[in-house]
Undergrad: 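Can you keep this structure in mind? I'll have questions shortly.
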Amino acid sequence: MGPKRRRKGKKKVGGAAEAAAGEEAAAARDEDAAGPSHAAAGEASSGAGGGADGGSPASRAASPPTTAAGGQGGGGPVSGGGGSAPGGAETAQRQGAPPAAATSVQGAPRAPASTAATVPQGSPRRTVAAQSAPSGAAAMAQSALGGSATGQTATAQSSPRAATSTQALMNEGFLHLDKSVSNNLEEEGPAFGDAQRRKKAIGVDNDDSNQDDADGGRDPNKSLLSEIVLSWTIQDILLDDEAHKSKVVKIPTHFKGVDEYLGLYSQFILEETWSNLKVSLQNLTSSAYYDINNMLRCESSGVFFVDINLKKIELKSTHSYRVAQDGDVFLFSSHPPHSHDFDSSLDFLGIAFNTSQCTSFHRGFKVLVSDQNCTLYCEENGKFGIFLINIMDALKAWSVFNLDKTEDNCSGIKSMLNLFEMAKTDCKMCDMSFDYEKIKLSHLNQQQLYSLKSIISAVHCRSNKHIELIQGPPGSGKTEITIALLQVLHHMNLKVLLCAPKTNIVKFLTNLDKCLFPLEDALVLDNLDSTELAKEFQRHCLCHRSQDFLVGITLFKKWLREMFVLLNLDPYCTEKCDHEPTRIRCSTNSLLVFTLSSFKEKFTKLLMRKEWLTNLKERFSEIYLSADIANDITNLLSLLKDFEDLLCHERLQDKRVQWTFGLSSVPCKLGGNSAARKLNDLRLQCVDFIQRFRSSLKLPKLEERKSLEDFCIKHAKVIISTTQSTFRLHEAAMEPINLFIVDDAAKINECDLIIPLRLPVTHILMLGDDFNLQPSKVWENARFSMNPFKRLLNLGFRKHMLTEQYAIHPSIWQFPNEKFYEGRITNGATVVSPEYNKQFKGLKFPNYCFIDVTGTDGPSCKNTIELATIQYMLEIISQGLEDTEVIDVGVLCLCGSNVGGIKSSLGKKYATHNKINVHIESADSFEGETYHLVILSMLFKDENTILQIEKINAALTRARHCLWMFGEVDSVSNRGGIFAELVHDVIERKCILKWNTIATIQSKYALESDNFHGSSSASSNETIHQVCTEFTWSGRPKRTKYILAPLRDQGNSDTCTMHSCLGAMESMYKHQYACLEPPQDFSWILSTDNLKEEYENVVAKEIGSEEIEKKGKHRLATVLEILKEPGVLGSRKQQPECLRFGQGLEVVVPLRYSFQYDQSHLTALLVHIDRYRISRVVILRPDNIVHDLQVVSNFKIKSHSQLPIKEDREIKTVFDTVKDGKILVGHFHMSENFFSLRPGEIYHYDRQKPYLNPVSSLQASHAVMIIGSGVTMTKVKKRIQCAIHLSLQNSAGRLFGENGCGYVGLESIRGLYQLDI
């Protein structure tokens, strides 16, 4: 049951209750599905994720027709009551005004008399208020838990809220609420970082005491990082560095305990956030920004919706944009960033939250601001939203730091702090032998093998928690040890978490794949980049794995149903009618006339889609599916293959098959019927098998994407992630992690490492190179630069040293080895082999060299020389390489001031080169990737540039085959230290080359010719620029109120038309109520069951069994007419503080007949209930209390119309209509790709693969709510192309798209309808 939000303001309780009773109401049933901002009852679940209105018959709920009667203070048209209504309101009530105008409605905001006439009108004929009575009988609603259905007096509760719970009444059978309405989509609370579990926005009082988290929850005594950041003024952030440094606390080598450790690294997060914000504020002129129309207030304090000016986002725009993401910090100002008129006292910060996962479209978004800035905001101070930084990682880390401490989530940190005193200790009690013959380990040397066995022994220790360290230079085999370790632990069925830099993840997946590791058992939490190699492994990422599993289950169940329907002959007429030979369908029931050829064609096409089964079995059987399900899939496919073979038997004939299938009344001669009989026997066997399989099938019940992802996380044996992305594991109920592996540990900030360390980890393995790349830092004097790997080495933890390297050519390795490793590292047999560099022998430069480009003056000239030199070297590589596989070339610049220009000049030329992939990085952004060849620029434009020695070592050791350096030799040497030693080394080894500056400049212009680039696979229609904009009501408030109806779920029923119409109708009422003064909530849920009942009465058939011509578009037209007259019932919950039985309770019934009763009038009451068809009655015994009432009323639309969408002006009208708050109903044909849409993907109808309804064999259609519109503008050469899509809210629950919302291309829409209320 969804959380309930308390209504603001003091509640008022009426006196005697009056309500009108209805003639007929659909039986409300199932469960309470009230959303976070609605106290409402929904309706029975109905709606397949893409259920088709082409229509298979849906099974009807076995609920008898019911009626209704009144209760307290109603929400129906009630006159009188406890309070006197303003005249206008009472008049409106008699005319059928909806409950918002009723003065005695308990718990609902009231419209003033002046606005009563503007409230939407509804018919009073069905107004009821009540607790549900089973089967329409006079059951006694109990007012306390445990009350009986026979009306026995129940004990009154002392607390009104505790007296009666909705769930208790449901359990007793007195309150049946529909379950088609899911939780409201519009949640005020941010769903990110340090506030992800809160239901309200940061800064809003909220009771989190009852919220249970798998990891212990947040410490309520500690501030949220977002609160701290938003409390900073611009003057605070621009504070003088020296003044700020004095406040920084130094980080010690040793810590006394977990509290000190977490507290000091919390300071690091604050310092890093402050520093990054300051840098951004000091460099605003090039910042991305939005022009803002308005900042719209939301209901929660401190929350605004930023309504960006979409018209200003153009292809020809002179400034950059950024699609807002969770954790983005924006500066809101009255001036654009390139203006010099900033007044920092008026500007303020906001943090974006609950943004869309789809980062393709520019759209409005929510932000948090401080409470003081809520009053500060005015029209002049929020005209521009300037992007500063993203603090999502900091918010995640802060959240983890502030978790309540438990033994599980602190054990990893205690191990890191050496609080268990485990340094240099061995455990002899838990040693265990493992059959290493199962794993191929012959490629490991003795050092690597010893390290592997030592770690495996430590993992088996149950007495201690171990930390193992492996130290070694690049190419020494650390990755090989990790891969072998993962294989061993997989055989031992242990759970492993591997954290690595994002650039290393693809490397691990590639190596695991090469050694035949079952990658379906591995799960990557991060999204991989778009390189060709990464694309091969994207299906193992969490977002892809969960989506593939969802699609697999959906298509699997759909395929089973369709095969069952076909083999059970449901699409065919089975009445043994005398059909005319030329007729395709029976004239009596519109079903297909059976022919062997058509049956064979349908079966063959359906069997061709068996990959829906095989993919599910092959990818998910071992982990996600039970062995029984996997075996049943195998057996079913075998049976169907036999049936297919027999179906192609040459002796089969139409009449014989029809006779044996029971479809013909004309008997056939017995001779030659054996094949037909065998076919029918096998058909019945398949039908029986599928029926039993479907009934026994137990697949996980997943209601939202988070639960789907949690399911995948739970079943993964190896989880691979960056440290920041392990935050996702804190949101899942994680089982103990047997081994936590940290790759490249020397590169990681310790505060980032704390995120996975607070998971339930048992043992830890860290691999790194202390002489290589180091993590970023904030202040030198704060000692933040010490990485966890170095600190553990200083603490004396045991380490395994690897002293042989297998990746770097000896000529390149010589200098780093002598300088950083004291010559202790030897070269392996691989790199000393003559074959190692065979591919690069045709290049003009040697493997290791320094090119002196002395003779340039001024930074601009140096930039020109730098670019020309790089271009010329790339030309040498392009021309000198043989036609082999594409190689990776790294261009590294120790001075990064010109990196942007180099990327701009070379990026397009080498984006699709057929021989080399060029990667351009500065020393600051370099993450330590390895390349076949490295071009290292040492041209320093600023003599004051300071570099960490580890950065230089990393740059020198990233090349595997060739390292080409260039710069001004004297300038480099004069910098002293390692630079002077490097110059001395290349001179002594005669690896320095002189370069003619003039020739270099000339070559720059020569390289502009087309011959330089080599062949390219780039298309002649290369996309130059693309901009996507979207307006949507998802997350957008109207005068603080959210207008979208709660998300519906039609389940397996064929009711998408009804759900979409009712959702659009609810949304329009919400919009109208939001326009009242003051804005009000429309908390009514319109009943799909009632609308379905009315529809079946009109067409005189069950839904799905109508004639062909009355389905699809005709069904939609019928539903819209029903909504005009007689309308549809709506219900809501009402929670009066107290209702007591005194001298009698008046119950208002239709036609204004009323009666009073006391305890002696029960018999008369039953007569009245039966006579006036009252479905819900509240009977109060003396001293009983009722706390939950269900109020029912009737709602109608005034008119409906279809909107044309052919001309540009008609499309613009549609856009304007949606922006005005008129939610539309749209319908489109379905193709097979609809069922495999990923979140953020736009649906386009595929004419080549239409989806046909399995029973009617008609083109399936689907109806949805249209909640927004968007445009994608693409500039191809000089032409601008526009593609239009519509935003939709589906009726398939939260698993569809992004929280139930998605996109459809305008060209796929067959009809758009506007409803007027």
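In this text, all values refer to a predicted model and were calculated from it rather than measured experimentally.
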Undergrad: Is the NZ atom of K600 crowded by more than 12 outside heavy atoms at less than 6.0 Å?
TA: yes
Undergrad: Between Q547 and P1239, which heavy-atom pair has the shortest distance, and what is it?
TA: OE1-CD, 3.7 Å
Undergrad: For Q357, is there any backbone N or O sitting under 3.5 Å from a side-chain donor or acceptor partner on E1298?
TA: yes
Undergrad: Where the side chain of W559 meets the backbone of L606, is there a donor-acceptor pair that is under 3.5 Å apart?
TA: yes
Undergrad: Atom CG of L512 and atom NE2 of H540: how far apart are they, to the nearest 0.5 Å?
TA: 9.5 Å
Undergrad: Where the side chain of N1233 meets the backbone of H1244, is there a donor-acceptor pair that is under 3.5 Å apart?
TA: yes
Undergrad: State whether a side-chain donor-acceptor pair under 3.5 Å links T1032 with S1034.
TA: no
Undergrad: Going by the ring-ring contact (aromatic ring centres under 6.0 Å, His included) test, which pairs reach into residues 1088-1114, not counting sequence neighbours?
TA: none
Undergrad: Kindly indicate whether the side chain of E520, heavy atoms from C-beta on, has any atom under 4.5 Å from the side chain of R539.
TA: yes
Undergrad: For G1297, is there any backbone N or O sitting under 3.5 Å from a side-chain donor or acceptor partner on E1241?
TA: no
Undergrad: State, to 0.1 Å, how close A1045 and Q1289 come at their nearest heavy-atom pair, and which atoms those are.
TA: O-NE2, 3.3 Å
Undergrad: Please report whether the ring centroid of F1234 lies less than 6.0 Å from that of Y1251.
TA: no
Undergrad: Which residue, L555, T554, I553, forms the side-chain contact (heavy atoms from CB on, under 4.5 Å) with K557?
TA: I553
Undergrad: As an exercise, state the distance from CG of L640 to CG of D645, rounded to the nearest 0.5 Å.
TA: 11.0 Å
Undergrad: Please tell me if the side chains of L1286 and L1312 come closer than 4.5 Å, counting only heavy atoms from C-beta onward.
TA: yes
Undergrad: Between L1116 and C1061, which heavy-atom pair has the shortest distance, and what is it?
TA: CD1-SG, 3.5 Å
Undergrad: For the residue pair V524 and F537, establish whether any side-chain heavy-atom pair is separated by less than 4.5 Å.
TA: no
Undergrad: Measure from the side-chain N and O atoms of R683 to the backbone N and O of F643, and report whether any donor-acceptor pair falls under 3.5 Å.
TA: no
Undergrad: With a 4.0 Å cut-off, would you call K714 and D710 a salt bridge?
TA: no
Undergrad: Taking the side chain as every heavy atom from C-beta outward, state whether F599 and V657 have any pair of such atoms under 4.5 Å apart.
TA: no
Undergrad: Could you check whether any side-chain heavy atom of L679 comes within less than 4.5 Å of a side-chain heavy atom of T660, counting everything from C-beta outward?
TA: no
Undergrad: Hey, does the side chain of E1106 reach the backbone of G1104 with a donor-acceptor pair shorter than 3.5 angstrom?
TA: yes
Undergrad: Are any of the side-chain nitrogens in R677 or D681 under 4.0 Å away from the carboxylate oxygens of its partner?
TA: no
Undergrad: Can you confirm if the aromatic rings of F549 and F556 lie within a centre distance of less than 6.0 Å?
TA: no
Undergrad: For E1121, which residues count as a salt bridge (charged side-chain N to carboxylate O under 4.0 Å, His left out) partner, sequence neighbours excluded?
TA: none
Undergrad: Kindly compute the distance separating CZ (F517) from CG (L509), expressed to the nearest 0.5 Å.
TA: 10.0 Å
Undergrad: Apply side-chain contact (heavy atoms from CB on, under 4.5 Å) to H1059 and M1265, showing your working.
TA: CA-CA 9 Å; H1059 280 286; M1265 286 169 52; over 6 Å; no
Undergrad: Give the C-alpha distance, both sets of side-chain angles, the deciding distance and a yes or no for side-chain contact (heavy atoms from CB on, under 4.5 Å) between C1301 and I1267.
TA: CA-CA 9 Å; C1301 297; I1267 62 174; 4.0 Å; yes
Undergrad: Side-chain contact test, heavy atoms from C-beta onward, threshold under 4.5 Å: evaluate it for I690 versus R694 and give yes or no.
TA: yes
Undergrad: Measure the spacing between CD of E644 and CG of L682 and express it to the nearest 0.5 Å.
TA: 11.5 Å
Undergrad: For G1226 and I1266, work out which heavy atoms get closest and say how close.
TA: N-CG1, 3.9 Å
Undergrad: Provide the closest heavy-atom pair for L523 versus C541 in the form atom of the first, atom of the second, distance.
TA: CD1-C, 4.2 Å
Undergrad: Taking the basic N atoms (NZ, or NE/NH1/NH2) and the acidic carboxylate oxygens, is any pair closer than 4.0 Å for R705 and E709?
TA: no
Undergrad: Is any side-chain heavy atom of V687 closer than 4.5 Å to a side-chain heavy atom of F564?
TA: yes
Undergrad: Between S1308 and Y1245 (side chain of the first, backbone of the second, donor and acceptor by atom type, cut-off under 3.5 Å), is there such a pair?
TA: yes
Undergrad: With the threshold set at 4.0 Å, does a side-chain nitrogen-carboxylate oxygen contact exist between E562 and K602?
TA: no
Undergrad: Hey, what do you get for OG (S638) to CD1 (I633), rounding to the nearest 0.5 Å?
TA: 13.5 Å
Undergrad: Please check if the distance between the ring centroids of Y1243 and F1228 is under 6.0 Å.
TA: yes
Undergrad: Report yes if some heavy atom in the side chain of V1304 is under 4.5 Å from a heavy atom in the side chain of V1264; otherwise report no.
TA: no
Undergrad: Indicate the atoms forming the closest heavy-atom contact of R545 with C712, along with that distance.
TA: CG-SG, 4.1 Å
Undergrad: Quick one: list whatever passes side chain to side chain donor-acceptor pair (under 3.5 Å) with D1246, sequence neighbours left out.
TA: none
Undergrad: Once you round to the nearest 0.5 Å, how far does CG of L1091 lie from OG1 of T1055?
TA: 9.5 Å
Undergrad: Looking at L596, is its backbone amide N or carbonyl O close enough to the side chain of D654 to form a donor-acceptor pair, meaning the two atoms are under 3.5 Å apart?
TA: yes
Undergrad: Step by step, would you call L1288 with F1296 a side-chain contact (heavy atoms from CB on, under 4.5 Å)?
TA: CA-CA 11 Å; L1288 63 89; F1296 175 84; 3.7 Å; yes
Undergrad: Verify side-chain contact (heavy atoms from CB on, under 4.5 Å) between M1058 and V1128, making sure each step is shown before the conclusion.
TA: CA-CA 11 Å; M1058 300 175 181; V1128 64; over 6 Å; no
Undergrad: Any donor-acceptor pair under 3.5 Å linking the side chain of E1096 with the backbone of I1103?
TA: yes
Undergrad: Keeping N1097 on the side-chain end and E1093 on the backbone end, is there a donor-acceptor pair under 3.5 Å?
TA: yes
